[in-house]
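Everything below concerns the one structure shown next.
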There are 2 protein chains.
Amino acid sequence: MLVNWRIIGSMTTMNHKPDYEKELRDAGVRITRPRRVILDILTATEDHPDAMEIFRRAVSVDSSISLSTVYRTMKLLEERGTIHRHAFNGGPSRFEQASGAHHDHLIDIETGDVIEFRSDRIEKLQEEIARSLGYDIVHHRLELYGRKRQAK
Amino acid sequence: MLVNWRIIGSMTTMNHKPDYEKELRDAGVRITRPRRVILDILTATEDHPDAMEIFRRAVSVDSSISLSTVYRTMKLLEERGTIHRHAFNGGPSRFEQASGAHHDHLIDIETGDVIEFRSDRIEKLQEEIARSLGYDIVHHRLELYGRKRQAK
DNA sequence: CAAAATTTTGCAAATGCTTGTCAACTGGCG
DNA sequence: CGCCAGTTGACAAGCATTTGCAAAATTTTG
């Protein structure tokens with residue numbers, strides 16, 4: 001059977017860990033201690049934490065880091081396209097590395113777990129639809145909200 | 001040529017205007033003057049206004065209506081499944097009647113315009129993917145963000 | 001290597017959207 | 001027409017996020 005979609009739950013680690021420090025330094029951004037801590041956290045992250053969660057993890061490394069700095073750093077990285085921001089269910093923004101290939105999300109409405117997947121067929125259909133409507137897609141968002149099927 | 005998707009920009013009017021008053025009254029909800037004004041606005045609406053916009057339109061009919069009441073009414077209707085709430089781009093919630101058939105959205109990133117469309121093939125693919133991941137879809141969200149193609 | 005130049009930080013206060021509180025008001029049945 | 005739980009408007013409060021500012025840290029210069 002042809003697999004035209006697949007789970008890519010560990011995609012972030014599947015790809016080479018990006019060297020944020022070099023990337024930012026080359027762009028003329030200063031590498032400070034708070035930023036280094038946050039970048040390390042992001043690099044090691046496999047889930048989709050929100051700002052508060054990143055802040056908690058950061059504080060456990062360096063208790064002087066402020067939440068403002070987390071937000072400022074996330075915004076900085078988002079503007080550079082280094083991370084993606086999601087707002088599942090309208091809740092607080094949750095972040096993930098942008099280094100991996102594009103993918104969509106399936107959110108478990110009971111646990112909040114996020115499963116990544118990708119379907120080339122859906123990607124292609126989206127392109128077709130947008131083109132027919134006279135548009136070029138700049139980006140898109142596909143989120144499936146579901147509940148684990150009961151093992152019968 | 002087989003059309004397997006279509007624009008449904010005027011879908012809301014394509015369907016019979018729902019009688020919110022009767023619907024709510026039957027459910028034991030009181031029809032007050034503020035609510036009537038808001039319901040009338042929603043019934044006449046073809047776009048996807050946010051709370052503040054609904055409030056502005058309501059005030060022009062009855063200047064005593066408060067923003068709180070708009071939010072309360074929207075929440076009431078949302079809980080009853082009468083309207084849908086969207087948070088395009090993480091901005092303020094925008095609402096639309098739920099009376100029409102399900103559809104997805106293409107948002108013009110330059111103007112904020114929202115075009116409704118539907119693709120049964122995409123719907124089906126989503127089902128397949130969720131099933132394969134062991135989930136049942138409760139609801140989903142597909143938003144294409146694009147820019148109008150320049151007529152060359 | 002120290003001082004200047006510039007960016008970044010932590011803190012607190014501010015913002016934007018949304019919900020909660022509460023006394024006053026009002027639909028709609030009796 | 002009167003009652004009274006459901007509603008309202010006004011405003012305070014709540015959350016997530018952003019911003020102003022003086023102090024602190026980083027890079028640049030001399």
*Within this structure, what is the CZ-to-P distance between F55(B) and dT8(D), rounded to whole angstrom?*
14 Å
*Would you say the side chain of R80(A) lies within less than 4.5 Å of the side chain of Y20(A), judging by non-hydrogen atoms?*
no
_For E110(B), salt bridge (Lys or Arg N to Asp or Glu O under 4.0 Å) partners two or more places apart_ = R147(B)
Output one line per pair: protein atom, nucleotide atom from nucleotides 20-22 of chain D, and distance, for all N/O pairs under 3.5 Å.
| unit_1 | atom_1 | unit_2 | atom_2 | d |
| --- | --- | --- | --- | --- |
| dG20(D) | O6 | R72(A) | NH1 | 3.3 |

_Counting only side-chain nitrogens and oxygens, does R35(A) get under 4.0 Å of the OP1 or OP2 atom of dT9(C)?_
yes
*Quick one: L76(B) CG to dG6(D) P, roughly how many Å, whole number?*
13 Å
*For the pair made of CG in L39(B) and C1' in dT7(D), what is the distance, rounded to whole Å?*
14 Å
*Whole Å only: how far is the CG atom of L24(B) from the C1' atom of dG6(D)?*
14 Å
Just the atom pairs and distances: protein N or O near nucleotides 14-18 of chain C's N or O, under 3.5 Å.
| unit_1 | atom_1 | unit_2 | atom_2 | d |
| --- | --- | --- | --- | --- |
| dT18(C) | OP1 | S93(B) | N | 3.0 |
| dT18(C) | OP1 | S93(B) | OG | 3.0 |
| dT18(C) | OP2 | Y71(B) | OH | 2.4 |

Polar atoms only, N or O, under 3.5 Å: list the protein pairs with nucleotides 25-29 of chain C and their distances.
| unit_1 | atom_1 | unit_2 | atom_2 | d |
| --- | --- | --- | --- | --- |
| dG27(C) | N2 | R30(B) | NH2 | 3.0 |
| dG28(C) | OP1 | R25(B) | NH1 | 3.0 |
| dG28(C) | OP1 | I31(B) | N | 3.3 |

*Could you pull out all residues at least two apart from Y71(B) that satisfy side chain to side chain donor-acceptor pair (under 3.5 Å)?*
none
_All side-chain contact (heavy atoms from CB on, under 4.5 Å) counterparts of D62(B), not counting sequence neighbours_ = R33(B), V37(B), S64(B), I65(B)
*Return the set of residues passing side-chain contact (heavy atoms from CB on, under 4.5 Å) with E78(B) (not counting sequence neighbours), or none when no residue passes.*
I83(B), R85(B)
*Can you name the salt bridge (Lys or Arg N to Asp or Glu O under 4.0 Å) partners of D136(B), sequence neighbours left out?*
R149(A)
*asked:* Taking salt bridge (Lys or Arg N to Asp or Glu O under 4.0 Å) as the definition, give me every residue that meets it alongside R72(B), ordered by chain and number, with sequence neighbours left out.
replied: none
*Please say which of H84(B), H139(B), H140(B) ends up in a ring-ring contact (aromatic ring centres under 6.0 Å, His included) with H102(B).*
H140(B)
*asked:* If the condition is side-chain contact (heavy atoms from CB on, under 4.5 Å), which residues does K124(B) pass it with, not counting sequence neighbours?
replied: E128(B)
*Set of ring pair (Phe, Tyr, Trp, His ring centres under 6.0 Å) partners for H105(A), sequence neighbours left out*: H48(A), H86(A), F88(A), H103(A)
*salt bridge (Lys or Arg N to Asp or Glu O under 4.0 Å) involving R36(B) - partner list, sequence neighbours excluded*: E21(B)
